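Worksheet: one structure, shown below.
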Number of protein chains: 2
Amino acid sequence: MRGAVIHAPGDVRFEERDDPTIINPTDAIIRTVATCVCGSDLWAYRGIEPVTEPHPMGHEYVGVVEEVGREVTSVKPGEFVIGSFATSDNTCPNCRNGYQSSCVHREFMSTCQAEYVRIPQAQGTLVATPDRPADELVPSLLTLSDVMGTGWYAAVAAEVRPGSTVAVVGDGAVGLCGVIAAKELGAERIIAMSRHEPRQRLAREFGATDIVTERGDEGVARIKDLTDGIGADSVLECVGTAESMLQALRSTRPGGNVGFVGVPHDVEIPGEELFFSHVGLRGGPAPVRGYLPDLIDRVWGGRIDPGKVFDLTLPLEQVAKGYKAMDERRAIKTLLLP
Amino acid sequence: MRGAVIHAPGDVRFEERDDPTIINPTDAIIRTVATCVCGSDLWAYRGIEPVTEPHPMGHEYVGVVEEVGREVTSVKPGEFVIGSFATSDNTCPNCRNGYQSSCVHREFMSTCQAEYVRIPQAQGTLVATPDRPADELVPSLLTLSDVMGTGWYAAVAAEVRPGSTVAVVGDGAVGLCGVIAAKELGAERIIAMSRHEPRQRLAREFGATDIVTERGDEGVARIKDLTDGIGADSVLECVGTAESMLQALRSTRPGGNVGFVGVPHDVEIPGEELFFSHVGLRGGPAPVRGYLPDLIDRVWGGRIDPGKVFDLTLPLEQVAKGYKAMDERRAIKTLLLP
């Protein structure tokens, strides 16, 4: 089969790779129906995370089950399935506590930009859709394997409630999905921080009520202006830099919450500032497995359409073009079709 | 009148100071019935916080109202009152959100180791007891102005629930009060981290079910041993050092919570570790004003007896001795009687 391999920063190739096979009785093999490029894939593409040897890429996927190991009974060949970017047995104490992305058997998926993928812990990781989805639902279903589930977790971690005022730091696919999540969870006011017009438009379409184009201290001041001088109830940090984290913290009211889902790179949180802020902070890789049944329902019923974050669709063999377009911010997110 | 003044690290004197007077119509003057020395007073006493000029000390107090400004109607002369170490109008947005210690009119009390004290924002800050308390209730009522309320907030911020497993880092007065709070909030298992026998005994008396004497990585390993290998649901960080913060974070299960109430000194929280821990974090100066009515009830009804944290009682004029005993860890907490 063929799939993406990164050889060095900026150098992603589509090449022949070994067909995946069942290794453990808890594995499944899926034929990929759609996959995509994630903002976090760009860390390696940009050389911020080292590439010490060539390796496959990709952690987002929907597909059709080809084969299952003997311990997998929850999905069967022929079914259309979605799974999280983090595998989970869905039975360990952390899974039972709702943190499947801290499963004691967790593996981070990393081979999904390919024609076939091996899914470890398939029993706990994969969820089948009610039926074969129509083509137009596939992009939205694909977002549930990461970015929509991650935006959802950001909103849950930031304790968005009916009536909340929410600010979203980051206008990538996750931030935009965070706007959807905030709206679904009942937020009354959703402030998207973005200076890119196409993303502002999409944020408004997804439910943003206000756009703030300023960043840093000026961005914080604008949020305060819009929130009686105290800050937002909930702030979704969807970037992962030291600047975005401080911007998020300082935009939150005392007693409010920051949900942070951008993987932090060189971020140290000043303890004394956090203390006096009274802000609650929770982050991490999103436990999207737990949200899948609910989010599949919302997509299936046409209630949400997060697939709109894909503004570039390419055949999988052009995966390198997909990275380049996102790296140059010409695309929010690239969908890849084998 | 007379009161404590710190002149330099290690040099606290009891000396003549100006009588406090009503400055603003929102002030009250109280005659101090009891005050005490706080663990946080030791930061200055030990020279960790600079003492640039002589200044009064003390932020914990109960007393009898002597005089009120014209805008104060909620308490009147002759009433026995308790107030928070942080003043609050109890009407601003932050107060209404339950974070009175982030009141837009907040002042931190700092003159309370004295015979008389001026209380700013008295209307929102002070709460009268149902009647004049019996002498034996005074120590417990005094703890409500800081340490008991702070332990309570630590448990609330750490989201202690009925059935929770809780670990408490720090065996000072606040940590011990945190044990009381965890018990009152329904924790099933309370692990106190302490290597001092008298404090271990008091922790058990307050409701601790387990004692862990190890610290650092070994302490974390012991907590994991006691919690199915995943960590405690809630951890109360009641120290404020980088070591204690990491110990708290690493002792918490994915999806669990740390409530941190030790004022952080040189603490930087590593963003990536916090991210992958899935731990929620909230700290700050406790909004004890909000807890006062409930905690007064619990003390008045004999349900809790946090006054046991005082293991040394001195006349106020011997305040210097009180600091010394706590500095040398001969006393957990010193009660001072004018």
Side-chain angles (χ1 to χ4, degrees), chain A residues 86 92-104 106 108 153 156-159 227-231 233 237 240-242 244-246 253-287 290, chain B residues 86 92-104 106 108 153 156-159 227-231 233 237 240-242 244-246 253-287 290:
Chain A
C92 85
N94 292 330
C95 286
R96 292 198 308 272
N97 285 327
Y99 283 81
Q100 288 90 346
S101 43
S102 269
C103 174
V104 298
R106 176 187 69 195
F108 287 115
Y153 173 61
V156 169
E159 300 190 9
T227 54
D228 286 335
I230 61 170
D233 300 315
E237 195 291 304
T241 62
S244 61
M245 178 62 91
L246 285 179
R253 70 162 172 81
N257 292 278
V258 170
F260 69 108
V261 294
V263 183
H265 285 72
D266 296 320
V267 176
E268 299 276 320
I269 300 150
E272 193 172 349
E273 177 170 348
L274 182 64
F275 182 84
F276 285 103
S277 75
H278 274 136
V279 170
L281 194 56
R282 187 192 302 281
Chain B
C92 85
N94 292 330
C95 286
R96 292 199 308 272
N97 285 328
Y99 284 81
Q100 289 90 347
S101 42
S102 269
C103 175
V104 298
R106 177 188 68 194
F108 286 114
Y153 173 61
V156 169
E159 300 190 8
T227 55
D228 285 334
I230 60 170
D233 300 314
E237 195 291 305
T241 63
S244 60
M245 178 61 91
L246 285 180
R253 70 162 171 83
N257 292 278
V258 171
F260 69 107
V261 294
V263 184
H265 285 73
D266 295 320
V267 176
E268 299 275 321
I269 299 150
E272 194 173 348
E273 177 169 348
L274 182 64
F275 182 83
F276 285 102
S277 75
H278 274 135
V279 170
L281 194 56
R282 188 192 301 281

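Naming: A, B, ... by sequence-line order, numbering from 1 per chain. Remember, predicted model here, so these are calculated numbers, not experimental data.
- Taking the six-membered ring for Trp and thresholds of 30 and 60 degrees, A:Phe275 and B:Phe260 have ring planes inclined between 30 and 60 degrees apart.
- Considering every non-hydrogen atom in both A:Gly284 and A:Tyr153, the closest pair reads O-CE2, 3.4 Å.
- Closest non-hydrogen pair, B:Ser102 versus A:Phe276, comes out as OG-O, 4.2 Å.
- For A:Glu159, the part lying under 4.5 angstrom from a heavy atom of chain B is the side chain only.
- With hydrogens and angles ignored, the 3.5 Å screen pairs no side-chain donor or acceptor of B:Tyr99 with any backbone N or O of B:Pro93.
- Chosen from B:Ile269, B:Asp266, B:Val267, B:Val261, the residue pairing most often with chain A at heavy-atom distances under 4.5 Å is B:Ile269.
- For the set B:Gly98, B:Ser101, B:Cys92, the entry with the most heavy-atom pairs within less than 4.5 Å of chain A is B:Ser101.
- Only the side chain of A:Ile230 has a heavy atom closer than 4.5 Å to any heavy atom of chain B.
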field: Candidate pair B:Arg282 and A:Asn257, rule side-chain contact (heavy atoms from CB on, under 4.5 Å), full reasoning
entry: CA-CA 9 Å; B:Arg282 188 192 301 281; A:Asn257 292 278; 2.6 Å; yes
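- Residue A:Val279 touches chain B through its backbone alone, counting heavy-atom pairs closer than 4.5 Å.
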